[in-house]
Amino acid sequence: MSENSLVSVRVDTSTAGTTAGSLLPKDSAVARVDGELRDLAYVVSEGQTVEQVPYGSPDGLAVLRHSAAHVLAQAVQELFPGTLLGIGPPIENGFYYDFLPERPFTPEDLAAIEKKMSDITRQRQTFSRRVVSEEEALKELAHERFKIELIGLKGPAGEESVEVGGGELTIYDNHAGSELMWKDLCRGPHLPTTRDIPAFKIMRSAAAYWRGDQNNEQLQRIYGTAWASRDDLKEHLRLLEEAEKRDHRRLGTELDLFSFPDEIGSGLAVFHPKGGVIKREMEDYVRQRHLEEGFQYVGTPHISKEGLFHTSGHLPYYADTMFPPMEMEGSDYYLKAMNCPMHNLIFRSRGRSYRELPLRLFEFGSVYRFEKSGVIHGLTRVRGLTQDDSHSYCTPEQAPDEVKHLLSFVLSLLKDFGLDDYYLELSTRDDSKPDKFVGTEEEWSVATAVLEKCALETGLQLVADPGGAAFYGPKISVQARDAIGRTWQMSTIQYDFNQPAGFGLEYQGADGERHQPVMIHSAKFGSIERFIGVLTEHYAGAFPAWLSPVQVVGIPVHSDYDGYLHDVAARLRVEGIRVEVDDSDDRMQKKIRNAQKQKVPFMLIAGGEDVEAGAVSFRFRDGSQDNGIPVADAVARIVEAVRSRA
RNA sequence: GCCGGCGUGGCGCAGUGGUAGCGCAGCUGUCUUGUAAACAGCAGGUCGUCGGUUCGAUCCCGACCGCCGGCUCCA
């Protein structure tokens with residue numbers, strides 16, 4: 001990321017032997033010397049190129065966050081002697097450090113730790129780098145068993161972590177004056193002193209498995225955020241607050257859209273009338289679009305005898321994530337976790353001709369997945385969900401066109417729901433775990449090549465996801481970015497050569513022979529529930545008019561005009577508009593406030609002036625107004641806004 | 001599933017070893033005139049569930065259920 005405007009110095013005879021920092025402007029966090037990040041204290045030699053790495057640059061931020069992580073660890077060890085260190089890398093927006101304390105941290109502990117960190121930064125302790133041999137490192141860090149483990153893991157050059165680089169081992173010492181305050185195994189680089197960390201804040205503590213493996217010991221992780229300035233920190237905290245206001249779980253309650261009654265069970269949502277409106281509008285629209293795209297609407301039950309899921313191959317693989325079976329009349333019945341097996345039976349219900357292909361079946365299929373208790377999250381991770389699920393049965397030759405067809409269909413649908421910022425992900429099999437995937441290498445590479453080619457043709461960014469495939473075939477997924485930049489897996493398109501074989505699916509070809517079709521699985525929203533959750537956050541609850549539970553609220557300036565607005569409402573209602581008149585005893589101002597809080601797209605206000613003119617006055621969600629609009633025009637305007645899905 | 005935190009009227013929150021309050025919402029009444037909160041009164045909770053400690057538990061302890069933050073996982 002070396003930009004032209006940044007200072008770049010070539011070391012000559014006169015500057016050789018000085019430090020990198022002495023050649024750079026004050027706002028440099030570290031230096032880049034011949035492409036490598038170095039401490040500002042790095043002693044340069046002739047012929048080297050020294051570049052500035054400002055605090056606000058990506059590398060500068062990573063360094064200052066890493067330095068903040070060190071300060072955190074130092075604070076923790078000063079307050080809680082005996083606490084062992086894990087790792088402490090910079091991450092997006094901040095940093096964390098993992099610890100093994102004698103007892104987990106309390107909120108009070110975190111406050112004390114933050115205060116101690118401030119003390120350390122005020123002391124202007126220097127970070128100084130020291131190269132050590134492996135023997136020295138093992139000796140100095142003998143009491144830190146996690147660090148010892150990392151030293152043991154030190155691989156050849158190229159395999160690097162924040163603790164141990166590929167080449168040499170280094171320890172960073174923190175000095176206050178000449179006194180050694182603390183040290184940590186670290187490859188660096190760091191800011192010159194603890195005082196140079198411009199702004200930080202401790203955010204939360206949580207548990208994390210050592211080296212990310214749930215078979216390992218669980219450590220206590222402390223998360224912090226750190227920035228190049230106080231203002232940046234404030235802005236970050238403001239964004240977090242903003243995100244919290246958009247949280248679909250909160251908006252779901254405030255807007256009376258849905259809830260999760262404890263009595264039903266974890267991860268099982270009920271949609272209230274207002275959420276039901278959104279759900280129905282989405283479903284109606286998507287059903288219509290599927291019909292237009294050549295899909296046939298079908299219906300299947302929620303449960304099945306277990307044999308079906310053995311045939312599909314799901315049961316031996318995914319019994320863990322299915323609800324346990326119910327025994328009835330000598331058979332075990334399972335709640336379905338996927339719809340494809342049942343669609344396969346529809347395909348197989350009679351002989352099929354090549355003339356019917358691609359045969360496209362579609363339904364809103366409700367499935368149940370026993371997600372682990374800790375992963376359930378609002379509408380985005382539930383145990384009962386409805387997929388807008390389709391299966392296209394086609395010849396292998398037709399498969400590429402069908403995938404392309406589905407991709408463009410999916411993308412146009414997302415666009416209609418205001419999501420137009422996305423990238424694709426290609427999930428492939430993990431060759432090191434052949435037992436998790438069914439089918440031959442040949443089949444996988446054919447299927448993967450088809451998906452990859454189609455994905456690349458969209459011109460969208462394509463990200464690899466090795467090992468992320470379903471057991472029966474590779475997958476393209478659409479990762480959509482919402483209004484505040486978070487990404488969500490929405491649509492999926494999967495190429496499956498396995499289930500057609502398992503179910504013995506076949507069609508009669510033009511040659512009179514029987515052939516096996518391939519099937520392309522696709523969910524456009526993914527799950528209706530998740531999509532509603534994502535849309536809620538994307539729009540911060542202010543849904544476009546066509547999806548709004550209440551599209552128009554009539555607000556009389558005085559109760560004398562209730563009747564007039566009821567007449568206006570009736571004219572809207574015959575156009576299919578969801579309209580209410582607030583004829584309660586509240587003042588007009590209160591009614592506006594209520595409608596505003598419910599994020600109603602159109603408020604129609606009427607007083608004496610409007611009645612005389614046969615008009616109404618618009619107030620929009622953004623607070624702007626358009627007064628004295630003739631009723632016929634107002635109706636037309638609202639109808640148009642809804643019809644155009646604007 | 002794991003670690004930690006939390007669970008008080010519909011919602012948001014106080015609070016205490018001697019069976020509970022506030023704001024909003026609700027109901028009733030009096031009001032209502034131009035773009036984000038009129039006023040008054042009333043009603044509403046066996047303090048998540050089940051055990052235990054105690055003369056006595058919403059408060060202390062345990063289990064379970066649920067929620068939250070992470071980790072792991074996500075066909």
Side-chain angles (χ1 to χ4, degrees), chain A residues 96 98 101 103-107 109-110 203-223 247 249-250 253-254 256 259-268 309 312-315 317-322 337-338 340 367 369-378 380-383 427 436-438 468-473 475 489 492 494 496 498-499 521 526-527 530 555-562 583-597 603-611 617-621 623-628:
Chain A
Y96 68 78
D98 286 343
R103 59 159 176 81
F105 301 110
T106 66
D109 292 341
L110 295 185
M203 302 303 284
R204 65 175 70 89
S205 65
Y209 297 102
W210 169 238
R211 300 183 57 219
D213 186 336
Q214 65 173 330
N215 298 313
N216 287 345
E217 209 163 348
Q218 208 162 40
L219 306 179
Q220 296 297 313
R221 174 172 297 179
I222 295 179
Y223 284 93
D247 191 317
R249 295 164 301 181
R250 170 173 167 161
T253 302
E254 285 176 3
D256 198 13
S259 62
F260 299 88
D262 290 355
E263 293 85 343
I264 297 180
S266 184
L268 298 166
F309 301 119
S312 71
H314 286 94
L315 249 190
Y317 280 85
Y318 293 106
D320 284 355
T321 35
M322 292 177 75
M338 67 300 295
C340 31
V367 299
R369 299 175 178 181
F370 196 79
E371 301 287 0
K372 289 198 243 166
S373 59
V375 306
I376 287 170
H377 182 93
T380 57
R381 197 77 184 273
V382 291
R383 284 180 172 162
S427 301
K436 277 199 74 179
F437 302 93
V438 173
F471 71 89
Y472 50 71
K475 167 172 84 178
Q489 176 177 312
T492 56
Q494 291 169 291
D496 185 357
N498 174 58
Q499 286 196 55
H521 307 240
S527 100
R530 171 180 291 179
I555 298 177
V557 166
H558 181 273
S559 53
D560 289 351
Y561 312 114
D562 287 1
D583 54 10
S584 69
D585 289 343
D586 288 326
R587 295 289 192 288
M588 174 194 64
Q589 287 81 350
K590 180 63 175 292
K591 293 178 181 181
I592 288 170
R593 177 180 160 84
N594 286 342
Q596 195 82 46
K597 288 211 303 186
M603 290 174 230
L604 291 184
I605 297 173
E609 293 165 29
D610 294 291
V611 172
S617 294
F618 276 95
R619 179 188 162 105
F620 304 99
R621 277 188 293 221
S624 63
Q625 312 175 26
D626 209 345
N627 296 337

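Convention: sequence-line order gives letters A, B, ...; per-chain numbering from 1.
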- Phosphate OP1/OP2 of B:rG69 contacted by A:R221 side-chain N/O (<4.0 Å): no

- Ignoring hydrogens and angles, answer whether the base of B:rG70 and the side-chain atoms of A:S205 contain a donor-acceptor pair closer than 3.5 Å. no

- Note on the structure: Of the listed B:rA75, B:rA36, B:rU72, the closest approach to the A:M322 side chain comes from B:rA75

- Note on the structure: Under the rule of Watson-Crick or G-U wobble with both distances under 3.5 Å, where | means paired to another strand and [ ] a crossing pair, RNA chain B maps to (((((((..((((....[..)))).(((((.......))))).....(((((..]....))))))))))))....

- Can you check whether A:K590 has a side-chain N or O nearer than 4.0 Å to OP1 or OP2 of B:rC31? no

Dump the pairs, protein N or O against N or O of nucleotides 64-67 of chain B, anything under 3.5 Å, distances to one decimal.
unit_1	atom_1	unit_2	atom_2	d
B:rG66	O2'	A:D262	OD1	2.9
B:rC67	OP1	A:S266	OG	3.0
B:rC67	OP2	A:S266	OG	3.0

- Item | Spacing between A:E254 atom CD and B:rC11 atom C1', to the nearest angstrom | 9 Å

- Query: Can you find a side chain N or O atom of A:Y223 that sits less than 4.0 Å from OP1 or OP2 on B:rC71?
  - Reply: yes

- To the nearest Å, give me how far apart CD (A:Q218) and C1' (B:rC2) are. 4 Å

- Task: For A:D109 and B:rG4, give me the distance from atom CG to atom P, rounded to whole Å.
- Result: 13 Å

- Message: For A:V611 and A:P104, find the nucleotide of RNA chain B closest to each by heavy atoms; which residue's nucleotide sits nearer the 5' end?
- Response: A:P104

- Query: Atom CE of A:M588 and atom P of B:rG34: how far apart are they, to the nearest Å?
  - Reply: 6 Å

- Query: A:K597 has an atom NZ; how far is it from atom P of B:rA36, in whole Å?
  - Reply: 14 Å

- Separation of A:Q214 atom CD from B:rC71 atom P, in whole Å? 13 Å

- Item | Sugar-phosphate, base or nothing in reach of A:A206, heavy atoms under 4.0 Å | base

- Considering only heavy side-chain atoms of A:E371, the closest of B:rA36, B:rG1, B:rC74 is B:rC74

- Task: Map A:T106 and A:T321 onto RNA chain B by nearest heavy atom, then report which one ends up closer to the 5' terminus.
- Result: A:T106

- Give A:N594 one of three labels, base, sugar-phosphate or nothing, depending on what nucleic acid heavy atoms sit under 4.0 Å from its own. nothing

- Item | Which nucleotide in B:rA36, B:rC3, B:rC71 has an atom nearest any side-chain atom of A:Q589 | B:rA36

- Note on the structure: Between A:V382 and A:E371 the two heavy atoms that sit nearest each other are O-CG, 3.3 Å

- Query: How many Å lie between OH on A:Y318 and C1' on B:rA75, as a whole number?
  - Reply: 4 Å

